[in-house]
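Everything below concerns the one structure shown next.
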Amino acid sequence: MHRPPAPPTVFGDLNPAPRLLLGPGPINADPRVLRAMAMPLLGQFDPEFIAYMDETMALLRQLYQTSNRWSFLVDGTARAGIEALLVSLIEPGDRVLVPIFGRFGHLLAEIAGRCGAEVTTLETEWGRVFEPDAIEAEVKRLRPKLLAVVHGDTSTTMAQPLNEIGAICRRYDCLLYADATATLGGMDLPVDAWQIDAASAGLQKCLSGPPGSAPITFNARVEDLVRCRKHVEAGLRPAGFVPPAGPRIHSNYFDLAMLMDYWGPSHLNHHTEAASMLYAARECARIVLRDGLAETFARHALASKALVAGLEAMGLKVFGDQRHKMPNVTGVHIPDGVPGDRVRTALLDDFGIEIGTSFGPLHGRIWRIGTMGYNCRKQNVLVVLGALEAVLRQAGHPLPAGAAVEAAYAVYGAA
Ligand SMILES: Cc1ncc(COP(=O)(O)O)c(C=O)c1O
């Protein structure tokens, strides 16, 4: 029997609840970034848009403190930047060393493995990082083509010092890639001074933007390797193009040789640029640079100090080796007998505040509180401390009333 078509299902208006996103990312985007995203779309061959692309590259160089020509955006979340660099650098059978101190080190190892690398991992307990000597010994033994390491691993809230690692890699003719997803704009990362060959990030942490764009940078050592694998799609190939001897990069979307042609003066067609995300990334970079890199790092460090002081005043224990704590995310042990997930739910329901727990061995053992980018402000530190105290007291956990906020006030007052 013929039935009339069902009426279209259109659902209600989008009306997300106002939330304060104080987890390990994403964060609340800076309203200036959201405004930039609402600007009229342009096509990627429009001279005006090309100028915005060039400006974005110039801004990213400053964020990464590099003179690398190739500092541009990969469309996609932070792992798109990771994949673009790894798939373009790694040829099947290459030796890759990944020091792992949290969940995102495992991610690097897994992506390198998918690229066909012979992956060797070094592991340390979550909450710690590596001494440079331990990394050097393994690089010396293994002689990898690439060392891939996370700068700040949000899963453990630890930051691996990278200032000596680049020099170690150069000594053994190894490339250094750093995943700076969670640190770019929040911690110092002078890519040239630290001899980091390639790095990638995301917008949704210290850069105050939404997820969906991955700023990357890489130097001439990386460029030379990638150029040996340059492939040009049929239909775009200039007459007489002879492909180089290197094996073709396995991904089309993440082929850095093609992306260089796209972002370079020839502007050879590749993907349709995610124009609104480029506007966002451009604005994110402008905000950090206008505030000043040093000032922005100091703001993150101060918020971290105030938050830790407040948590400790509540009688809570901060997680991990504090000498290597990331300034933009703080891990805190869930006290015995406290239902960690119920506390998070109460924070969300009663205060509209999101905080995180962690993964793997730390799931349900710690909470993670992010104070990054646009959300890295005294106001938010005080609000989350007050709210956490209230929720813990509601849950029957005894706490000295008011001590947390006072301790944070004292840190800000003394600054
Ligand atoms: C250190 C690190 N690397 C990679 C990622 C993956 O980023 P995305 O989810 O944007 O792909 C994250 C996300 O939290 C991260 O913290």
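- For the pair Glu223 and Arg227, the salt-bridge criterion is met [side-chain N within less than 4.0 Å of a carboxylate O].
- A donor atom on one side chain and an acceptor atom on the other are found under 3.5 Å apart for Tyr177 and Ser200.
- The list of salt bridge (charged side-chain N to carboxylate O under 4.0 Å, His left out) pairs with a residue in residues 141-158, not counting sequence neighbours, reads Asp94-Lys145, Glu138-Arg141.
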Sequence neighbours left out, cut at 3.5 Å: what donor-acceptor pairs do the side chains of residues 78-93 make with other protein atoms?
from	atom 1	to	atom 2	distance (Å)
Ser88	OG	Ala84	O	2.8
Ser88	OG	Phe254	O	3.0
Ser88	OG	Leu256	N	3.1

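- In this view, Arg368 satisfies the salt bridge (charged side-chain N to carboxylate O under 4.0 Å, His left out) rule with no residue, not counting sequence neighbours.
- A salt bridge (charged side-chain N to carboxylate O under 4.0 Å, His left out) check over residues 106-116, counting only residues at least two apart or in different chains, returns the pairs Glu110-Arg114.
- The two residues Gly152 and Ala182 come nearest to each other via the heavy atoms O-CB, 3.8 Å.
- For the pair Gln322 and Val318, the minimum side-chain heavy-atom distance is below 4.5 Å.
- Remark: the His271 side chain and the Asp75 side chain contain an N/O donor-acceptor pair separated by less than 3.5 Å.
- Without hydrogens or angle criteria, Glu123 side chain to Pro99 main chain gives no donor-acceptor distance under 3.5 Å.
- Ser67 places a side-chain heavy atom less than 4.5 Å from the side chain of Asp192.
- A salt bridge links Arg170 with Asp197: the distance from a Lys NZ or Arg NE/NH1/NH2 to an Asp or Glu carboxylate oxygen falls below 4.0 Å.
- A donor-acceptor contact under 3.5 angstrom links the side chains of His151 and Thr183, judged on distance only.
- Taking Lys378 as the reference, nothing meets the salt bridge (charged side-chain N to carboxylate O under 4.0 Å, His left out) condition, with sequence neighbours excluded.
- Between Phe72 and Trp263, the ring planes lie parallel to each other; the angle is under 30°, not in the 30° to 60° tilted range.
- With sequence neighbours excluded, the residues forming a side chain to side chain donor-acceptor pair (under 3.5 Å) with Glu233 are Asn252, listed by chain and number.
- Every residue two or more places apart in sequence or in another chain was checked for a side chain to side chain donor-acceptor pair (under 3.5 Å) with Gln44, and none qualifies.
- Looking at residues two or more places apart in sequence or on another chain, you find a side chain to side chain contact (heavy atoms under 4.5 Å, CB included) between Ala201 and Tyr64, Leu184, Pro215.
- Listed by first then second residue, pairs satisfying salt bridge (charged side-chain N to carboxylate O under 4.0 Å, His left out) with a partner in residues 172-188 number zero, not counting sequence neighbours.
- Distance alone, capped at 3.5 Å, is enough to place a donor-acceptor pair between the Arg61 side chain and the Arg69 backbone.
- A donor-acceptor pair under 3.5 Å is absent between the side-chain atoms of Gln379 and the main chain of Cys376, judged by distance alone.
- For residues 322-339, the pairs satisfying salt bridge (charged side-chain N to carboxylate O under 4.0 Å, His left out) are Asp321-Arg323, with sequence neighbours left out.
- Asp349 CG to Arg342 CZ: the interatomic distance, rounded to the nearest 0.5 Å, is 12.0 Å.
- Residues satisfying the salt bridge (charged side-chain N to carboxylate O under 4.0 Å, His left out) test with Arg344, not counting sequence neighbours, are Asp341.
- Evaluation of the side-chain hydrogen bond (donor to acceptor under 3.5 Å, both in side chains) test over residues 284-302, restricted to residues two or more places apart or in two chains, returns Glu283-Arg286.
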